[in-house]
**Q** 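If you scroll down you'll find the structure; I have some questions about it.
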Amino acid sequence: SAARRLADLGHDVDDSFPEPLAADDLGPHAITIVAASQARTVDMLSEWLGRPISADDMDGDNWAITEIGRHATASAYLASLDAMNVFRRRMAGWWASGHDLLVTPTITGPPPRIGEHRPVPGHPLEAWTRTGALLRFTIPFNVTGQPAISLPLHWSADGLPIGVQLVAAFGREDILLRVASQLEADGAWRDRRPRIHA
């Protein structure tokens, strides 16, 4: 539906997608980088507070990720950075082949209810894993720095917005903003509000 709307607005649309997105090897590297970053953030907060931060200071999922980060070796971290660089270069090849936007769902399912992905005591990383699966389409671009925007182009039967993600090549935020502006002017969501909203 989003592709048809873009075509109706004069954009050339095809069914291709960047081949690197089909690979399943990015996840472990993303976890290593996120976990190491979180461990460093927790260490900085400990220094700032003047006391160690412990498992009692955060939920089980965040503590488990912090511990994974603390046990990641420098070699594993650098290997993960290398994998991200390879992914970025492979993605750049798709953009260089003549594409300026990639259109995907924003998340892999309907919007979750508030608290649905709250950590479950005694089940470390269960909520974190569910959230990661829900964000399958956004994670690759969060970790590679490619600009992306989520637009509420559809609505569920319950009246909740369903996001469509547009992704552009590195440094091409201008394309995202122009196309988003065009879709907004087309009336895609301008006058719609969920029944409960902030």
**Q** Give a yes or no on whether the backbone of L125 and the side-chain of D61 come within a donor-acceptor separation of less than 3.5 Å.
**A**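 Yes, the answer is positive, given that a donor and an acceptor are paired below the 3.5 Å cut-off.
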**Q** Give the C-alpha distance, both sets of side-chain angles, the deciding distance and a yes or no for side-chain contact (heavy atoms from CB on, under 4.5 Å) between F137 and V164.
**A** CA-CA 10 Å; F137 292 108; V164 172; over 6 Å; no
**Q** How long is the straight-line distance from CG of L26 back to CG of L21, given to the nearest 0.5 Å?
**A**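 Interatomic distance, L21 CG to L26 CG, rounded to 0.5 Å: 9.0 Å.
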**Q** Can you find a heavy atom in the side chain of T32 that is under 4.5 Å from one in the side chain of H29?
**A**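 T32 does not reach H29 side chain to side chain.
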**Q** Connecting only ILVMFWY residues whose side-chain heavy atoms lie within less than 4.5 Å of each other, what is the rest of V120's hydrophobic cluster?
**A**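 None, because no other hydrophobic side chain comes under 4.5 Å of this residue.
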**Q** If you look at every heavy atom in A2 and V103, which pair is closest and at what distance?
**A**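 Result for this residue pair: CB-CG1, 4.3 Å.
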**Q** Nearest heavy-atom pair of H154 and S1: which atoms, and what distance?
**A**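 Closest pair (atom of H154, atom of S1, distance): CE1-OG, 2.9 Å.
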**Q** Using a 3.5 Å distance criterion without hydrogens, assess whether the side chain of E173 forms a donor-acceptor pair with backbone atoms of P147.
**A**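 Side chain of E173 to backbone of P147, a donor-acceptor pair under 3.5 Å: no, none is there.
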**Q** Where do G163 and S150 come nearest, in terms of heavy atoms and distance?
**A**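 Taking G163 first and S150 second, the nearest heavy atoms are CA-OG, 3.9 Å.
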**Q** Test side-chain contact (heavy atoms from CB on, under 4.5 Å) on M91 and F170; report intermediate values, then the result.
**A** CA-CA 10 Å; M91 286 294 296; F170 185 78; over 6 Å; no
**Q** Going through the checks in order, is the side-chain contact (heavy atoms from CB on, under 4.5 Å) test met by T129 and E126?
**A** CA-CA 5 Å; T129 302; E126 182 181 304; 5.9 Å; no
**Q** Does one hydrophobic cluster hold both L134 and I162, with members joined at side-chain heavy-atom distances below 4.5 Å?
**A**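 No: no chain of side-chain contacts under 4.5 Å links L134 to I162.
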**Q** Do other residues, nucleotides or ligands put more than 12 heavy atoms under 6.0 Å from R136 CZ?
**A**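 Result for CZ/R136: open.
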**Q** Using a 3.5 Å distance criterion without hydrogens, assess whether the side chain of S37 forms a donor-acceptor pair with backbone atoms of I33.
**A**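 The answer is no, because no donor-acceptor pair under 3.5 Å joins these two groups.
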**Q** Please check: side-chain N/O of D59 versus main-chain N/O of P119, any donor-acceptor pairing under 3.5 Å?
**A**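 No.
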**Q** Whether D57 and R51 form a salt bridge (side-chain N of Lys/Arg under 4.0 Å from carboxylate O of Asp/Glu) is what I want to check.
**A**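 Answer for the salt bridge query: yes.
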**Q** Return the CG to CG distance between D186 and L9, rounded to the nearest 0.5 Å.
**A**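 Here the rounded value is 4.5 Å.
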**Q** Side chains of D14 and S16: any donor to acceptor distance under 3.5 Å?
**A**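 Distance-only check passes for S16 and D14.
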**Q** Closest approach of W95 and V167, non-hydrogen atoms and distance?
**A**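 Heavy atoms only, the tightest pair is CH2-O, 3.2 Å.
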**Q** Name all residues meeting the side-chain hydrogen bond (donor to acceptor under 3.5 Å, both in side chains) criterion together with E47; count only those two or more places apart in sequence or in a different chain, and write none if there are none.
**A**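 Testing E47 for side-chain hydrogen bond (donor to acceptor under 3.5 Å, both in side chains), a comparison that skips the adjacent residues, returns none.
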**Q** To the nearest 0.5 Å, what is the distance between CG (D100) and CG (L176)?
**A**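 Going from the CG atom of D100 to the CG atom of L176 covers 9.5 Å.
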**Q** Nearest heavy-atom pair of A35 and I68: which atoms, and what distance?
**A**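 Looks like CB-CG2, 3.8 Å.
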**Q** In sequence, state the C-alpha distance, the side-chain angles, and the governing distance for Q165 and L102, and then conclude on side-chain contact (heavy atoms from CB on, under 4.5 Å).
**A** CA-CA 8 Å; Q165 177 179 240; L102 174 65; over 6 Å; no
**Q** Is it true that atom CG of D8 has more than 12 heavy atoms of other residues, nucleotides or ligands lying nearer than 6.0 Å?
**A**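 Counting other residues, nucleotides and ligands, CG of D8 exceeds 12 neighbours.
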**Q** Hydrophobic clusters join Ile, Leu, Val, Met, Phe, Trp and Tyr when side-chain heavy atoms are under 4.5 Å apart, directly or via other members; which others share one with L160?
**A**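 The other cluster members (ILVMFWY side chains, heavy atoms under 4.5 Å, direct or chained): none.
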**Q** Side chains of residues 69-79: which donor-acceptor pairs under 3.5 Å do they make with residues two or more places apart or in other chains?
**A**
unit_1	atom_1	unit_2	atom_2	d
R70	NH1	E67	OE2	3.3
R70	NH2	D43	OD1	3.0
H71	ND1	E67	O	2.7
T73	OG1	A76	N	2.9

**Q** Provide the closest heavy-atom pair for W94 versus L101 in the form atom of the first, atom of the second, distance.
**A**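 Nearest pair, atom of W94 first, then L101: CH2-O, 3.6 Å.
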**Q** Measuring from L166:CG to F141:CZ, what's the distance to the nearest 0.5 Å?
**A**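 Nearest 0.5 Å value for the CG-CZ distance: 11.0 Å.
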**Q** To the nearest 0.5 Å, tell me how far H117 NE2 sits from T131 OG1.
**A**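 Output value for this atom pair is 5.0 Å.
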**Q** Mind checking who shares a hydrophobic cluster with W48, ILVMFWY linked at side-chain heavy-atom distances under 4.5 Å?
**A**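 Via sub-4.5 Å side-chain contacts, W48 links to V42, L45, L49, I53, M58, W63.
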**Q** Rounded to the nearest 0.5 Å, how far does CG of L183 lie from CG of L6?
**A**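 Going from CG on L6 over to CG on L183, the span is 5.0 Å.
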**Q** Distance-only, no hydrogens or angles: does the R130 side chain make a donor-acceptor pair with backbone N or O of E116 under 3.5 Å?
**A**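 Here the side-chain-to-backbone pair exists.
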**Q** Once salt bridge (Lys or Arg N to Asp or Glu O under 4.0 Å) is applied, do any residues pair with D174, and if so which ones, sequence neighbours excluded?
**A**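 Partners of D174 by the salt bridge (Lys or Arg N to Asp or Glu O under 4.0 Å) criterion, ordered by chain and then number, come out as R172, R178.
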